[in-house]
Amino acid sequence: SRRSSAHDAPPVSKHVQRRSEWFDSKDSVVTFGASAPISVPLQGDVEAAERWLLGFEGYDSVDRLIRAARPAGAEILRAADDRADGGKAYELRLPKIELMGLGAVQAGLRMWGQTRDTGGPQASEGAFLDIGSDGGPHASLSAAGQEFQFPSFDLKVRGALAVEGDGQRSRAVGWISIEVKGEAPRIGFFEPPEPVLRAAAQEVCAQTVGFATSKLTSDLAYDFRRWQSTAAARAKEAVAGA
């Protein structure tokens, strides 16, 4: 066993204050991941931000935010069956990638989201949005009228998001965690040495978590502004029609 870090992905009740990474190699199986905090200034008060994030009667915040934070070009579909604990399940389908002369690669991942009353990432540990993935992703190559499945690996995505006061305004706070587990790659009959595997894992984590947090920050801020403008327009229509 070769282990450079004993960290596990943070449980949902923990406060992630800074970025962290972990790496483990055992019996040719490599596990690595990273977590990072999220902090997004919102142009509105706490009450409005909580309604946007946690929802209310007639407004499905989980569905809205899952779709708002999806990768560019990806498709989000409601799964046929939700989780047993009440979480809403979704199928994330990434855009097809054409490989010159080989065919098209299609990948997807089953995601879920659920609002919870306590245990959030904010200082009060109150209500929050809990998100994650179910099982490993699936990927296939379509070529010459046939479909070939890629070797499976496990990808765990977890995150938590809540609202805190920030002076006269509010802030979305939380964390995101990504962990990958699969067989170590081989060059011929040889497995690359641990320093090479660790360096590759760190690069994957840096790019994946860094992109996810920066994109999520901009997407959440934009979606809150859009939600506010829509809510304000509806309020004006209601007043005008009264």
Side-chain angles (χ1 to χ4, degrees), residues 9-10 12-20 34-56 58-78 87-94 109 111-133 156-178 205-234:
V12 76
S13 60
K14 292 288 185 179
H15 298 269
V16 177
Q17 301 293 343
R18 59 185 177 83
R19 178 171 165 169
S20 63
S35 62
I38 296 171
S39 182
V40 185
L42 301 174
Q43 302 298 316
D45 59 34
V46 171
E47 182 179 358
E50 286 184 338
R51 287 170 63 84
W52 161 75
L53 179 68
L54 303 174
F56 51 89
Y59 165 56
D60 188 343
S61 64
V62 174
D63 189 81
R64 180 188 182 98
L65 292 169
I66 288 279
R67 296 179 187 280
R70 72 184 185 276
E75 185 181 8
I76 293 285
L77 302 173
R78 278 299 302 271
K88 297 175 181 177
Y90 298 82
E91 178 73 17
L92 170 64
R93 294 182 182 175
L94 299 175
L109 181 67
M111 301 289 297
W112 55 265
Q114 185 173 10
T115 55
R116 303 189 188 277
D117 294 332
T118 60
Q122 71 272 50
S124 65
E125 297 191 356
F128 71 106
L129 175 63
D130 189 12
I131 59 174
S133 62
K156 295 180 181 177
V157 180
R158 288 302 309 274
L161 198 63
V163 171
E164 279 189 337
D166 185 11
Q168 298 298 315
R169 294 181 178 177
S170 58
R171 180 178 295 269
V173 297
W175 56 266
I176 186 171
S177 169
I178 298 174
C205 288
Q207 293 190 16
T208 304
V209 175
F211 173 78
T213 51
S214 62
K215 184 178 186 301
L216 194 57
T217 296
S218 61
D219 286 352
L220 290 175
Y222 171 76
D223 190 69
F224 180 62
R225 291 195 302 270
R226 186 174 60 173
W227 178 84
Q228 278 190 306
S229 64
T230 302
R234 288 177 178 171

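A quick note: this is a predicted structure, and the numbers were derived from the prediction, not measured.
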(message) Quick check for you: to the nearest 0.5 Å, what is the distance between E91 atom CD and R78 atom CZ?
(response) 12.5 Å
(request) With sequence neighbours excluded, tell me which residues meet side chain to side chain donor-acceptor pair (under 3.5 Å) with R67. (result) D63
Only distances under 3.5 Å count here; give the side-chain donor-acceptor pairs of residues 42-49 to other protein atoms, sequence neighbours excluded, each with its distance to 0.1 Å.
residue: Q43; atom: OE1; partner: R169; partner atom: NH1; Å: 2.2
residue: D45; atom: OD1; partner: E47; partner atom: N; Å: 3.4
residue: D45; atom: OD1; partner: A48; partner atom: N; Å: 2.8

(message) List the residues meeting ring pair (Phe, Tyr, Trp, His ring centres under 6.0 Å) with Y90, not counting sequence neighbours, and say none if there are none.
(response) none
(request) Kindly indicate whether the side chain of L65, heavy atoms from C-beta on, has any atom under 4.5 Å from the side chain of L220. (result) yes
(message) Can a donor-acceptor pair be found, under 3.5 Å and without considering hydrogens, that links the side chain of R158 to the backbone of I131?
(response) yes
(request) Please name all residues satisfying salt bridge (charged side-chain N to carboxylate O under 4.0 Å, His left out) with R64, sequence neighbours left out, ordered by chain then number. (result) D223
(message) Less than 4.5 Å apart, side chain to side chain, heavy atoms only: is that true for T213 and I176?
(response) yes
(request) In sequence, state the C-alpha distance, the side-chain angles, and the governing distance for I76 and L92, and then conclude on side chain to side chain contact (heavy atoms under 4.5 Å, CB included). (result) CA-CA 5 Å; I76 293 285; L92 170 64; 3.5 Å; yes
(request) Test side chain to side chain contact (heavy atoms under 4.5 Å, CB included) on W227 and R51 and set out the steps. (result) CA-CA 10 Å; W227 178 84; R51 287 170 63 84; 4.0 Å; yes
(message) According to side-chain contact (heavy atoms from CB on, under 4.5 Å), who are the partners of S61, at least two apart in sequence or on a separate chain?
(response) Y59, T115
(message) For V157, is there any backbone N or O sitting under 3.5 Å from a side-chain donor or acceptor partner on S133?
(response) yes
(request) Mind checking salt bridge (charged side-chain N to carboxylate O under 4.0 Å, His left out) for R171 and listing every partner two or more places apart, or none if nothing turns up? (result) D166
(message) For P121, is there any backbone N or O sitting under 3.5 Å from a side-chain donor or acceptor partner on E164?
(response) no
(request) List for me each residue that meets side-chain contact (heavy atoms from CB on, under 4.5 Å) alongside A89, sequence neighbours excluded, and say none if there are none. (result) A79, D82, R110
(message) I'd like to know whether I66 forms a side chain to side chain contact (heavy atoms under 4.5 Å, CB included) with K88, so could you lay out the CA-CA distance, the side-chain angles of the two residues, the decisive distance to 0.1 Å, and finally the verdict.
(response) CA-CA 10 Å; I66 288 279; K88 297 175 181 177; over 6 Å; no
(request) Answer whether the closest heavy-atom distance between the side chains of W112 and V62 falls below 4.5 Å. (result) no
(request) Quick one: pull up CZ in F128 and OG1 in T118 and give me the separation to the nearest 0.5 Å. (result) 7.5 Å
(message) Tell me every residue that passes side chain to side chain donor-acceptor pair (under 3.5 Å) with Q114, counting only those two or more places apart in sequence or in another chain.
(response) R116
